[in-house]
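Reading through the structure tokens given below for one structure.
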Amino acid sequence: MQTFIISKILLLLSLLMGIFLHAQVTVSGKVNFKGKGVKDISVTLKNTYDGATTDENGNFTFPTEEKGSQILVFSNAKFVEVEKPITIANENLSINSDLKEQISEIDAVVISAGSIEASDKKRATALLTPIDIYTTAGANGQISSALETLPGVQKIGETEGLFVRGGTGTETKFFMDGNLVNNFFGNSIPGIKSMDRLNTSLFKGNVFSSGGYSAAYGQALSSVLILESIDFPERNSVDLAISPLFINAGFQNVNEEKSKSFGISAGYSNLGLVTKLIKFNNDFTKAPESFGTNFNFRIKNKNGGILKYYGSFDTNKIGLQAESLEANIDFDNTNLKGKNTFHNLSFKKKFGQYLLNLGSSYTYNSSFIALSNTFEDEEINPNTIDITGNYLNTKGTLGRKINKISAVRAGIEYNQSNEKTDVSAAPTPSEFKDQITSLFAETDLGFSNNLSAKIGVRSEYSNAIDRWNLAPRFAMAYRISKTWTSSLAYGIFYQNPENKYFGSNPLNYQKAEHYVLQVQKSAEGRSFRLEAFYKNYKDLIKTTVLDYRPVAINNTGNGFAKGFEIFWRDKKSIKDIDYWISYSFLDSKRNFQNYDQSLFPSFAAKHTLSVVAKKFVTSWKTGFNLSYSYASGRPYYNFQTDANGDYYLNKQGRLKDFGALNFSLNYLPNLGKKDSKSFTVLVLAVNNILGQKNIYGYNFSTDGLRSKPVLPSASTFIFIGAFINFGIDKTQDAIDGNL
Amino acid sequence: MKKLFLSTLLFMAVSTYAQTNFEKAVTDKISKMEQAKTPEDFTAVSNDFARIGDKEKTQWLPYYYAAQASIEKGRNLMRTGKLTELDAIAAEAQNNLDKASDLSKDNAEIFILQKMIHNLKMMVDPQSRFMSEGMLGADALAKAEKLDPENPRISLLKAEDIYYTPEQFGGSKSKGLEMFQKSLDQFKVYQPKTTLDPNWGKGEAEYFLSNKP
């Protein structure tokens, strides 16, 4: 009886439920963000299947059979989720909602004033990845040369270094995984530019800052290049490179879990053969020759910390004879022997919200230059300059995330340099020691996805200068519209006078103040940037010659650089062609070192233009690359000293405009052979294909009466080489790169 | 005793009812996905699936389909050349696929979608992303193949890759078509585990084979 009643009740209940279930009501409404309807918002009746997605105008509507107290959820990754309690009776409901923007790393505006980032972290329009560098004609696979096609960088042929926005080459510093790289370039002799010491393929990305960079970096008045090494190679491989210029072999080993890897590589290069084939403007008594080897290992621990090591040893030699400008001397002879070792260790680990970066680099560099003259086949005036240096850099940074796009970080950096210069003609060797301790703190503040700022401060104490400096930095970015962003940067930057200029006079930090304003548009496959800058130099050193070497006497020098730059990259407009154009306008004056007055610096051109274009022709398995560089004529100066030893300007002039059309092609014969064990790239490169006669400057005789031009080593340079990789099948790489 | 019997019956009735409701909802949405044309359509259907997944909490399929709808949206945008949006869409798909994979480990179908997500990300910037996304995609597909070697969708993805790869790079239309044929042959014998399990792709293989150049 009892069960009968229960079953009756149950029957009734289910009957009622059935009626209820079929009593549909419609829930509709509009979802707004800043008063405008937004599409693609998911509207859900919580814990039911019921819901809808808003249309173009933010409207939604869905039927439901649910009843009573319910929760309506509005969700979309770009907005903060909203929950609204509602009560569903028998009538249709209309519910509107306003949304708030979800602040996120992906959508947040990036501060880009002064910097060009080429890592894959955020932007699809990444610049100068290793592949870009290898396929830039005229760059010879070198990072620094490829950067010369970007705005703000001068094309300087006679000296190594990145000359940025009216700054000297020494005003740019290089960092690998956060650590300072001393002697980024090979040892060289005046007039002949040396190559990058670090191989392009070591790096997965880079940030090149031509001004207003972060407080985490210092001791650079103009610019920093921050290189980030690759984490783990994809597979075991053996590499071979052969050309009339060099041979190189190396291998990389990586375990299956990609938690440990190591590699060794060695190379030998000799220009001897090439000097016989190509006409050189220099008379080499010893064609440039070098030997180098390097090692690396990387270990990832169980908690995700990564330890990376890279170390290298190299030696190089070069001998040069040049007709002398001096009376009673026939030839000037220069011989260089260089030795260098560089070691870089870095460790990176995340602890919850904290990120720890520790690193250290050590460099030993020795450059031995033997100078002499020849007169009537007799060697006279022998002199040697022997510079040896030990450099240590150690840095620790701890960062913490505050919210999704805000963070604070602080760190300490220590630099030590010990340098000894022994000029045989001088009575005593000069020794220089300096220790710089730096503290820095910085905060990234994301106010919304459209507005963010970076505020930082850096303070340094140098033994050699014996005082602290204080350098505030500030940058912000604002998104004007979907594709346009603007950003600005301001900062004070200090740099010690170069070690070689220290003498008995007390010196101060050299100072530069940067103002950078940028607008940028990035759309599908195209990007445009316009940047204007003003740089104010103070406390630059003034020099005099003492004991056969220039020595700084005070910090009364000053100067400025201002200008604007345009950059345009387009991968879309012309089918299968990727090209970029950069133009820089620079106005600059400085009174520093041996300048006796304010002058437009001799290492800067007023107008600089670069055009780079690349095309891969699939059916020929060949990539064609062209680049054209133009720089308006730089000024040149000859300074003489008067009876008091003071400099005065004896002669000045303007070089003719610089221009070079470069061409290279990459042929990939193994492309498409599915099971080929090796992958080969054959490269043919011709720099300055039209043979334009370029002059980098003038050398003057001691009395300033006679001069001769400083010329490129070779007017037109041809390179052929084969790069073979066993183990890694890069076929797919090539395909996807050219889809 | 009778009481117990009755309530069990009732419970069964309710749960059967729920089951069919789930099945009906998923089947409905699958057909909605098949008819989707615009990116907005795919967003809506992806949201619908996610809603079902959130309610059920133990079913991997709704999240799987939610991810698939996002991927289809991405492929749709890719065809119209809108590459910059793909990162966000891949993230959206990944979010749902991760939920599916939490509920069903070692599932070949999930690895297949994983491969497709890596493809989307790679297309944003193939040159610099091949080494990362390309490899990860290949890894995912290899895992799928290990778990379910006869799955026709694995052959389908391979066929697509080969078909669109120029001959100079080791791909070819004819080899691609051979692979599509293999995929189609596999479809003929392949039985999804349940009526709701993934069963897509046959049409695409047929499309390519019927449009032989």
Side-chain angles (χ1 to χ4, degrees), chain A residues 2-3 6-7 10 14 39-56 75-78 106-107 118 120 123-126 129-132 204-205 230 234-235 522-525 572 618-621 668 671-675 730-739, chain B residues 1-3 5-7 10 13-14 21-22 24-26 28-29 39-41 43-48 50-52 54-57 62 81-88 91-92 95 122-135 138 161 164-172 175:
Chain A
Q2 218 178 8
T3 41
I6 288 172
S7 58
L10 278 169
S14 57
K39 67 168 186 172
D40 291 350
I41 308 297
S42 181
V43 186
T44 305
L45 202 57
K46 202 170 183 178
N47 284 320
T48 74
Y49 293 178
D50 300 340
T53 298
T54 58
D55 65 12
E56 281 315 309
S75 62
N76 179 301
K78 287 186 175 161
I106 293 175
D107 295 315
D120 196 26
R123 273 163 290 172
T125 49
T129 56
I131 295 172
D132 280 332
K204 63 178 172 192
I230 48 169
E234 300 299 334
R235 273 173 218 178
S522 27
E524 200 68 62
K572 203 181 172 186
T618 311
S619 51
W620 295 349
K621 304 179 182 183
L668 294 76
L671 207 61
K673 288 183 189 148
K674 211 40 183 165
D675 304 311
K730 285 195 179 134
T731 310
Q732 201 60 38
D733 194 0
I735 301 165
D736 294 296
N738 297 289
L739 277 178
Chain B
M1 188 61 211
K2 210 175 180 187
K3 196 159 91 181
F5 173 76
L6 242 167
S7 51
L10 189 77
V14 171
N21 196 18
F22 169 72
K24 186 179 169 296
V26 172
D28 267 6
K29 301 303 174 193
E40 289 75 22
D41 294 346
T43 305
V45 77
S46 176
N47 288 340
D48 289 348
R51 218 168 274 139
I52 298 170
D54 290 346
K55 158 96 169 112
E56 294 301 329
K57 293 187 179 72
K82 288 183 182 143
L83 302 177
T84 41
E85 287 173 47
L86 298 186
D87 268 335
E92 175 187 302
N95 180 28
M122 188 171 73
M123 287 313 294
V124 176
D125 187 4
Q127 271 200 332
S128 58
R129 291 191 181 186
F130 167 73
M131 286 311 253
S132 46
E133 300 301 335
M135 292 278 177
D161 278 355
Y164 284 113
T165 302
E167 235 165 272
Q168 291 81 3
F169 299 114
S172 81
K175 279 189 215 160

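Protein chains get the first letters and strands the later ones, always in sequence-line order, with residue 1 at the start of each.
At a 4.5 Å heavy-atom cutoff, the contact between B/Lys57 and chain A is made by side-chain atoms alone. Contacts of A/Asp50 with chain B are made by backbone atoms alone, with heavy-atom separations under 4.5 Å and no side-chain atom involved.
Residue B/Thr43 holds its OG1 atom at 10.5 Å from CD1 of A/Ile41, rounded to the nearest 0.5 Å. In this structure, the separation between OH on A/Tyr49 and CG on B/Asp48 is 12.5 Å, given to the nearest 0.5 Å.
Between chain B and the residues A/Lys39, A/Lys572, A/Lys78, the largest count of heavy-atom pairs under 4.5 Å involves A/Lys39. Taking chain B as the reference chain and counting heavy-atom pairs below 4.5 Å, the highest number among A/Asn76, A/Thr48, A/Thr54, A/Leu45 is found for A/Thr48.
Side-chain contact between A/Lys46 and B/Lys55 is absent, with no heavy-atom pair separated by less than 4.5 Å.
Looking only at distances, no side-chain donor or acceptor of B/Arg51 sits under 3.5 Å from a matching main-chain atom of A/Ser42.
B/Asp54 and A/Asn47 get closest at one heavy-atom pair: O-OD1, 4.2 Å. Closest of all the heavy-atom pairs between B/Asn47 and A/Asp40 is ND2-O, 4.2 Å.
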